[in-house]
**Q** 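Can you keep this structure in mind? I'll have questions shortly.
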Amino acid sequence: MSASTRLAAILQAVMQGMPAALSDRHYPGWHLAPVTGLLNDPNGFIHFDGHYHLFYQWNPLGCAHQHKCWGHWRSADLLHWQHQPIALMPDEEYDRSGCYSGSAVEENGVLTLIYTGNVKFEDGSRTAWQCLAQQNSAGEFDKLGPVIAVPEGYTGHVRDPKVWRHENHWYMVLAAQTTQRQGRVLLLRSDDLRAWHSLGEIAGSERGGLGAAGYMWECPDMFTLGDSTYLICCPQGVAPEEKRYLNSHACAWLSGSLDYEQAEYTHGPLNEMDAGFEFYAPQTTLTADGRRLLVGWMGTPDGEEMAQPTVAHRWIHQMTCLRELSSRNGRLCQQPVAELQALREAEQHYQGRADDMPPIAAARLELMLESQGDIELNFADTLILSWQQDELRLARRSLVTGEWIFRYWTGAARRLQILCDHSSVEIFINEGEGVMSSRYFPDTPAKLTLRGGAELTARYWSLRRCMVE
Ligand code: FRU
């Protein structure tokens, strides 16, 4: 497809698809979602020249994982976002099967994207190029072409570059699969973003004491917070345990320290990032005032995604809310970013037994709860959280078989902060020690009903709509 044919098709898809998406009752009121088609990973999250930029994997032409472009939103305040022109389309030989995930940096005052050009062949094999694009004075992104080919010893599954600056060098973590089908993360260094030198593998399956931990580690991100250097990654093929790693693919973090000179990352065990049904491929950036923020895709690949009812309205998936990260005793914690408090309407209170609390409208809601547990939170009979003394259990019916399926967070939850939108619930546990993020598709505007004899204290707010403009 030529670039102009593709652009015409995208324009038509948006014109036809946007009314269907925006009038769907499941379309979010304050989360970021595609105006039509499929959204997956957040990309290129950066504060640049007074604005936050968030790019995203976007198939504007339908709900399948195809035709991946980089959509682009911009915000001055992390709350109100504006659509920007589509940033990248797969129109070169080296990115013809998709402009896959990547990151953004500022190079000499210029917004620069580093992304994966994915190339699939008819025999099912693939190759990948790590590519650059730079914003020009008209605001468009000029592709500068590939700067890294598939390194020796790895398959065509090499992608998702995340680049940062450290002591006068550029560093990149890059997802890779060895020819022995082991998932790994590579560390590379460059002085100019163009010539890259691989420093070697820093983590992965059968590395650093992890044992077998998957055949591909997608979307790595690395940063230092407090005393720890964290590596976030999405290991595919981690064996499900009774109460962990139950999604089709996992997202996890490691905590440790990175020796940049030896390219050695010493780290502890893998920890699941989010214990809900939908969370994948998050990306972080620093705010102007030095906070480390994260946004994730509230979806998981290869699961039941195509059974979601929004597909009939020609859109699928949304982002999580923006979250601020903190490091507490070597543990990575996530809390909703403070800016979201501007969405709150009048504060309401309740104190007493869960059974006596009147049902509350949950379509757009923030709820802070304190209790010792033994409470059930029923979201429109569609998503049910059992808050037990030493565990949270989230239940939802399979969209395919109708059977109840469960996710767990193990530990004593004492405080919950719950953020609801029209078709999503994000549960932050004990000031962000744990999170459970899930989509759900209630038939009517959702009501939340609490059950149980336990005492609780609740503060809650309806949330205003905040649509992208
Ligand atoms: C993760 C992922 C990335 C890839 C992108 C393609 O969801 O598979 O590894 O770059 O999505 O859309």
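Numbers here are sequence positions counted from 1. Counting starts at 1 for both ligands and their atoms, in listed order.
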**Q** Can you see whether Tyr115 engages Asp95 through a side-chain donor-acceptor pair at a distance of less than 3.5 angstrom?
**A** yes

**Q** Any donor-acceptor pair under 3.5 Å linking the side-chain atoms of Asn43 with those of Gln57?
**A** yes

**Q** Charged N to carboxylate O under 4.0 angstrom, Arg292 versus Glu324?
**A** no

**Q** Under a 3.5 Å threshold, yes or no: a donor from one side chain and an acceptor from the other, between His31 and Glu426?
**A** yes

**Q** With a 4.0 angstrom cut-off on heavy atoms, strictly below it, pick out the residues next to ligand 1 and order them by chain and number.
**A** Asn40, Asp41, Gln57, Lys68, Tyr100, Ser101, Arg159, Asp160, Glu218, Cys219, Tyr280, Trp297

**Q** Are Arg126 and Phe121 in a cation-pi contact, defined as NZ or CZ under 6.0 Å from the six-membered ring centre and within 45° of the axis?
**A** no

**Q** Identify, with sequence neighbours excluded, every residue that meets side-chain contact (heavy atoms from CB on, under 4.5 Å) alongside Arg244.
**A** Glu241, Glu272

